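First comes the structure, then the notes that go with it.
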Number of protein chains: 2
Amino acid sequence: MNRKEIQEERMKNYFIDATKEIITGEGIKALSVRSIAEKAGYSFATLYNYFKDVKDLIFYCVQDFSQECRKYVVSRTENEERGIPKIKKIVKSYVEYMVQYPGIFDLFYVEKIATDGTSLSASDIIVKFIDELCEEELQYCIAQGTFRPGEAIEIMSNIRNSIIGILLLYMNRQHPKSYYDFVVSVNRQLDRILD
Amino acid sequence: MNRKEIQEERMKNYFIDATKEIITGEGIKALSVRSIAEKAGYSFATLYNYFKDVKDLIFYCVQDFSQECRKYVVSRTENEERGIPKIKKIVKSYVEYMVQYPGIFDLFYVEKIATDGTSLSASDIIVKFIDELCEEELQYCIAQGTFRPGEAIEIMSNIRNSIIGILLLYMNRQHPKSYYDFVVSVNRQLDRILD
DNA sequence: TTGAATAATTAACATTGTTCAGTATATTTG
DNA sequence: CAAATATACTGAACAATGTTAATTATTCAA
């Protein structure tokens, strides 16, 4: 029973790790049941013994990726001056991470996901992700009197929506054309919203 | 020569119209080379005599849809009080249209498009679309002294990014859960940005 | 009417996700 | 330890996708 669970967990992780490798490496367009299985060292049919379908598998990766992204953001921001500067830095780090791994951005926001039980929680994780990254610092701002509580919610909504929108246009529609212009644009938006 | 062009144009339109019908009707997931051809009354292979590939065909629809959306927005806003109220109403009408036809939203922002010559102009049309809808009214605001010119650009960027972001989360991630909450959220964002 | 050009279609291919029947492996039981 | 059973794994097969090539049907000029 316990042994079985350990083994099953291990097997799942083989497939999950393979999927993550492909997403971060070749990108989501290179992802297929067969490419995953090959990288994991099993037949594509074996995959279906551990996952309901490929979407089920893929959204195990969402949790892993959000953890990794969180770590990245924390490591990049822990020494930042608290308050608004830190919120800005958190968002910028988050954007950096997403630009670095477009496959993860696709997975989080672009890819269609089934609306059954499991994937609904995946949606929840995704939707609240940026908010959670900023949560602590936003509370700090409220405590400092920088924002009123109600105001903070609206500000966070504005940041979340704007950043997802600007990322979508950059990743999917090549706008702005250059990464430099994109970064400038992100900075301006953050300044406008937060200052 | 001239006759040929007319006929070719007609044939293209049969396929374009079929594609548009499917997108607005059954949605983008029902779209396939075969379903388009069937609705157009031809073989799927015939399609390739008139379009380079299916993406080429699909992005003929982008222009048509943006025109239709523009008409919708204009008809819904022509009697609105000028200035900020009209900008708000334009954006809300635009959002209404996109929610009504999720396939068009997908086409505009979500679907990956090839980055060759033709589709680059499609990207341009898409990216500037909301901005163009508001352009006239934004100029009016500047003329009235409501905004400074530089400020207007930033405001428009914020509106564009936020609206695309909030639409993406609603359409692809069911957030907020209900349409009512979604509308409330849109209104709040617009109030925050414009007031 | 016949010959050449053009248009349209059928057949086929390579991928995709998924299922199922069967085989190999592991575990339990006598 | 050997046999029976349960589990894990696999390849073949299916349906649907976009795309191409070869073939058939049609049109139009000489």
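Proteins come first, then strands; the chains are lettered A, B, ... in the order of their sequence lines, and each starts at number 1. Bear in mind the structure is a predicted one, so any value in this text is a computation, not a measurement.
Counting to the nearest Å, the P atom of C:dT15 and the CD1 atom of A:I36 are 17 Å from each other. Look at OH on A:Y48: it is 18 Å from P on D:dA13, rounded to the nearest Å. If you take CG of B:D53 and C1' of D:dT17, they are 14 Å apart, rounded to a whole angstrom. Regarding A:F51, its CZ atom lies at a distance of 18 Å from the C1' atom of C:dT19, rounded to whole Å. Distance CZ (B:R10) to P (C:dA8): 12 Å, rounded to an integer number of Å. Regarding B:I28, its CD1 atom lies at a distance of 12 Å from the P atom of D:dG18, rounded to whole Å. Rounded to whole Å, atom C1' of D:dT17 lies 14 Å from atom NZ of B:K29. Rounded to whole Å, atom C1' of D:dT7 lies 10 Å from atom CG of A:N49.
Remark: aromatic rings of A:Y97 and A:Y101 are close, center separation under 6.0 Å. Aromatic ring centroids of A:Y60 and A:F51 lie under 6.0 Å apart.
Residues A:M171 and A:M98 meet the side-chain proximity criterion, which asks for heavy atoms closer than 4.5 Å.
The number of heavy-atom neighbours closer than 6.0 Å to CZ of A:R148, taken from other residues, nucleotides and ligands shown, is 12 or below.
Distance from the side chain of B:A45 is smallest for D:dA21 among the nucleotides D:dG18, C:dA8, D:dA21. Here the nucleotide nearest the side chain of B:F44, chosen from C:dT16, C:dT19, D:dT19, is D:dT19.
Partner B:D64 forms a salt bridge (Lys or Arg N to Asp or Glu O under 4.0 Å) with one of B:R70, B:K12, B:K20 and no other, that one being B:K20. Paired with B:M156 under the rule side chain to side chain contact (heavy atoms under 4.5 Å, CB included), one option of B:I130, B:I193, B:I87 passes, and it is B:I130.
Taking side-chain N and O atoms only, A:T46 has a distance below 4.0 Å to OP1 or OP2 of D:dT10. Phosphate proximity of D:dC9 to A:Y50: present, with a side-chain N or O under 4.0 Å from OP1 or OP2.
A donor atom on one side chain and an acceptor atom on the other are found under 3.5 Å apart for A:Q139 and A:E135.
Within residues 15-25 of chain A, no residue has any heavy atom closer than 4.0 Å to DNA chain D.
Nearest-nucleotide positions on DNA chain C place B:M11 closer to the 5' end than the other of B:R34 and B:M11.
Looking at heavy-atom distances under 4.0 Å, B:V33 makes contact with a base.
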